[in-house]
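Heads up: the structure comes next, in structure tokens.
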Amino acid sequence: MKNKLLLLVFLGCSFYSYSQHVYLYEYRASFSSSATGTPLYFESTISTNRGQLSSFNQTRPSSISINEFKMVEFSQEVTSVTSFARYSPGFIGGCNNITSNTNTLPFTGCIQGTQLLSGTFNAFQCLNESYNSFKLIKMESLFTLNTAGATSNELKECAPRDIKVSSGCQFKFALEYKLLGSSTWQEVIPYGSNSMTVSISTSDFPGLNVGDNFRLRARYLPTYGTTNAIAYSDEIILKSASCSPVFDNVVPSPTTCNYSSNGGFKISVKRDLDTNEKIIFTLYDGVNDAILLNQESTTSLTNNGDGTFGYEWLADLDAASYRVKYQTLNGTGNIPGTDPSWDTVEFSPVFTITKPANVVFSITSTSDENCFAVKDGYIDISASREAGRSLFYQITRDGTIQIFNGSNWVNYSGSNPDNDTYYSFSNTTTTRINKLGKGVYRVKVRDSEKCNAR
């Protein structure tokens, strides 16, 4: 039997990508002189190979407080960050007149910590430093991080989905969503120190219906509703989807005869199909799951009347053990057999299509005619069969099928011998065919399902 692969489809996902490179920049620190409370001059500049991030240049402050937190964009990728500082405490004994220092670090997407600042300021004399935070983080594409493309954009009712916001930097952000037809973004995860990967479920989105698309984005600034365009990530579009129906049971039907291959089964699940939803059943060998036997699909299930919905397998099957693997498909299209979602589909339990007991019979005794043409010969038959089935026989004399006319066996001349010429056993498993005249007889035995003794 030809093997078939299960193919599923998911709605494609459009996204907006930055035309430039966006970075979150945070620089929080304070400085003062240990020699005098009024330093004469203080300068601090943070720049990258693509442009400046911030610059402070102050004269005669009592102390310096830096509190920078913003989004910055450059037309090209940042690969290094440089900190420059210059400090003059005035002409105070024990302190240098003017001290300047520069420190540069490579940038590969994330700097968090004060190593850049400490490398700049620790060489200064008579300067007290307090570094609260220093961060430079490249904002990554949600679409790229989550591969939310044509084969992986579903959020299923039965399973949470992880959304990755960063691949290597921990930072504060909010996760926002907008439902189909809505013009308002709402927070699904409030702004704060969230993990780089967060989990969402359909229950997190009030008003979201099965089959609806919705938009998702990260907000990098604390202000809800900010109009700063680069305060947001690109958007990904997800679709709320039903899960494959929960398995209920499988009822196998045996082959009609011991030698036939017309078995089958009916599988039941615990919900009906949604509009535009197809369910795909794939049949496997029950002993070796690697053997794929066949596949059938439908867009309509039978209402069983007890809250479950069923599908009856169409192709005839041999008596054997089987398992079924199924998944639902919304819309039309294909996904490759290597798609990760294929691996999450579960098997039904193993079930067995049985075959009935064969019909077996024997001639237990015979008797010839006692006198010429009195037709008092007989044949005794004993047979076994599948429990619950009746037994029937057919007899031929000298190669011609016989029928009983009420008093004698005569040649059959009809056109439907398969239905007209079989007679039921007089007892459950035994019978006597009597009133037989001289001749050569052959007997066939079958059961009430027309399974012949072989």
Side-chain angles (χ1 to χ4, degrees), residues 1-6 244-270 278-298 300-306 308-327 337 342 345-363 381-394 417-419 422 424-425 427-431 442-454:
M1 191 174 293
K2 186 177 180 180
N3 291 355
K4 300 180 182 178
L5 292 178
L6 180 62
S244 294
V246 175
F247 172 79
D248 181 54
N249 69 355
V250 171
V251 179
S253 53
T255 62
T256 302
C257 302
N258 182 273
Y259 50 82
S260 61
S261 301
N262 61 350
F265 66 90
K266 182 176 181 180
I267 184 169
S268 295
V269 295
K270 294 186 177 180
K278 177 189 292 185
I279 190 166
I280 302 167
F281 299 98
T282 307
L283 188 66
Y284 291 81
D285 181 87
V287 177
N288 185 352
D289 293 341
I291 301 176
L292 187 152
L293 301 174
N294 207 344
Q295 186 179 84
E296 295 182 2
S297 64
T298 184
S300 177
L301 298 176
T302 301
N303 190 335
N304 295 330
D306 59 358
T308 64
F309 298 83
Y311 176 77
E312 190 165 1
W313 191 258
L314 298 178
D316 288 340
L317 298 172
D318 293 328
S321 294
Y322 300 93
R323 287 217 282 183
V324 173
K325 189 178 188 180
Y326 66 90
Q327 175 64 292
W342 172 244
V345 183
E346 298 296 330
F347 280 111
S348 73
V350 173
F351 61 93
T352 300
I353 294 175
T354 59
K355 55 185 178 181
N358 209 354
V359 177
V360 178
F361 77 99
S362 62
I363 305 298
I381 303 172
S382 177
S384 62
R385 80 291 183 237
E386 177 69 17
R389 297 186 180 184
S390 303
L391 290 167
F392 298 82
Y393 67 87
Q394 180 193 74
D418 195 49
N419 291 325
Y422 278 85
S424 61
F425 273 37
N427 297 298
T428 303
T429 58
T430 61
T431 195
R442 290 182 179 275
V443 175
K444 289 183 179 180
V445 176
R446 73 183 188 189
D447 63 21
S448 49
E449 293 295 329
K450 297 185 178 181
C451 298
N452 296 310
R454 288 190 170 186

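Below, each value reflects all heavy atoms present in this structure, side chains not excepted, and no hydrogens, waters or symmetry copies.
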Could you please spell out the steps behind the side chain to side chain contact (heavy atoms under 4.5 Å, CB included) verdict for Ser261 and Asp316? CA-CA 6 Å; Ser261 301; Asp316 288 340; 5.6 Å; no

Inter-residue atom distance [X].[atom1] - [Y].[atom2], 0.5 Å rounding:
| X | Y | atom1 | atom2 | answer |
| --- | --- | --- | --- | --- |
| Thr430 | Leu391 | OG1 | CG | 9.5 Å |
| Leu301 | Glu312 | CG | CD | 12.5 Å |
| Cys257 | Lys450 | SG | NZ | 11.0 Å |
| Phe392 | Asn452 | CZ | CG | 12.5 Å |
| Phe351 | Ile267 | CZ | CD1 | 7.0 Å |

Can you name the nearest heavy-atom pair linking [X] to [Y], along with the distance?
| X | Y | result |
| --- | --- | --- |
| Ile353 | Gly264 | CD1-O, 3.5 Å |
| Ser424 | Tyr393 | O-CE2, 3.8 Å |
| Pro356 | Asn258 | O-ND2, 2.9 Å |
| Phe361 | Ala383 | CB-CB, 3.6 Å |
| Tyr326 | Pro245 | OH-O, 2.5 Å |

Neighbour count above 12 (heavy atom, 6.0 Å) for Lys444 NZ: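 Open.
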
For Asp285, enumerate each residue passing the salt bridge (charged side-chain N to carboxylate O under 4.0 Å, His left out) test, keeping only those at least two apart in sequence or located in another chain. none

Under a 4.5 Å cut-off applied to non-hydrogen side-chain atoms, are [X] and [Y] in contact?
| X | Y | value |
| --- | --- | --- |
| Phe265 | Val324 | yes |
| Asp418 | Arg446 | yes |
| Ile280 | Lys278 | yes |
| Tyr284 | Leu293 | no |
| Leu283 | Trp313 | yes |
| Ile381 | Phe425 | yes |
| Val269 | Val246 | no |
| Thr255 | Asp318 | no |

Checking Leu317 against Tyr322 for the side chain to side chain contact (heavy atoms under 4.5 Å, CB included) test, could you report, in this order, the C-alpha distance in whole Å, the side-chain angles of both residues, the deciding distance, and whether it holds? CA-CA 10 Å; Leu317 298 172; Tyr322 300 93; 3.8 Å; yes

Short question: side chain of Glu296, backbone of Leu314 - any donor-acceptor pair under 3.5 Å? yes

[X]-[Y] side chain donor-acceptor pair, cut-off 3.5 Å:
| X | Y | result |
| --- | --- | --- |
| Asn249 | Lys270 | no |
| Thr352 | Ser321 | yes |
| Asn262 | Thr256 | yes |
| Gln295 | Thr282 | yes |

Out of Thr308, Asn304, Thr302, which residue meets the side-chain hydrogen bond (donor to acceptor under 3.5 Å, both in side chains) rule with Ser268?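 So, applying the side-chain hydrogen bond (donor to acceptor under 3.5 Å, both in side chains) to Ser268 and each of Thr308, Asn304, Thr302, only Asn304 qualifies.
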
Looking at Arg389 and Asp447, does any basic side-chain N land under 4.0 Å from a carboxylate oxygen? yes

Check whether NZ of the Lys or CZ of the Arg Arg454 lies under 6.0 Å from the centre of the six-membered ring of Tyr259 and within 45 degrees of that ring's axis.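 Yes, Arg454 sits over the ring of Tyr259.
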
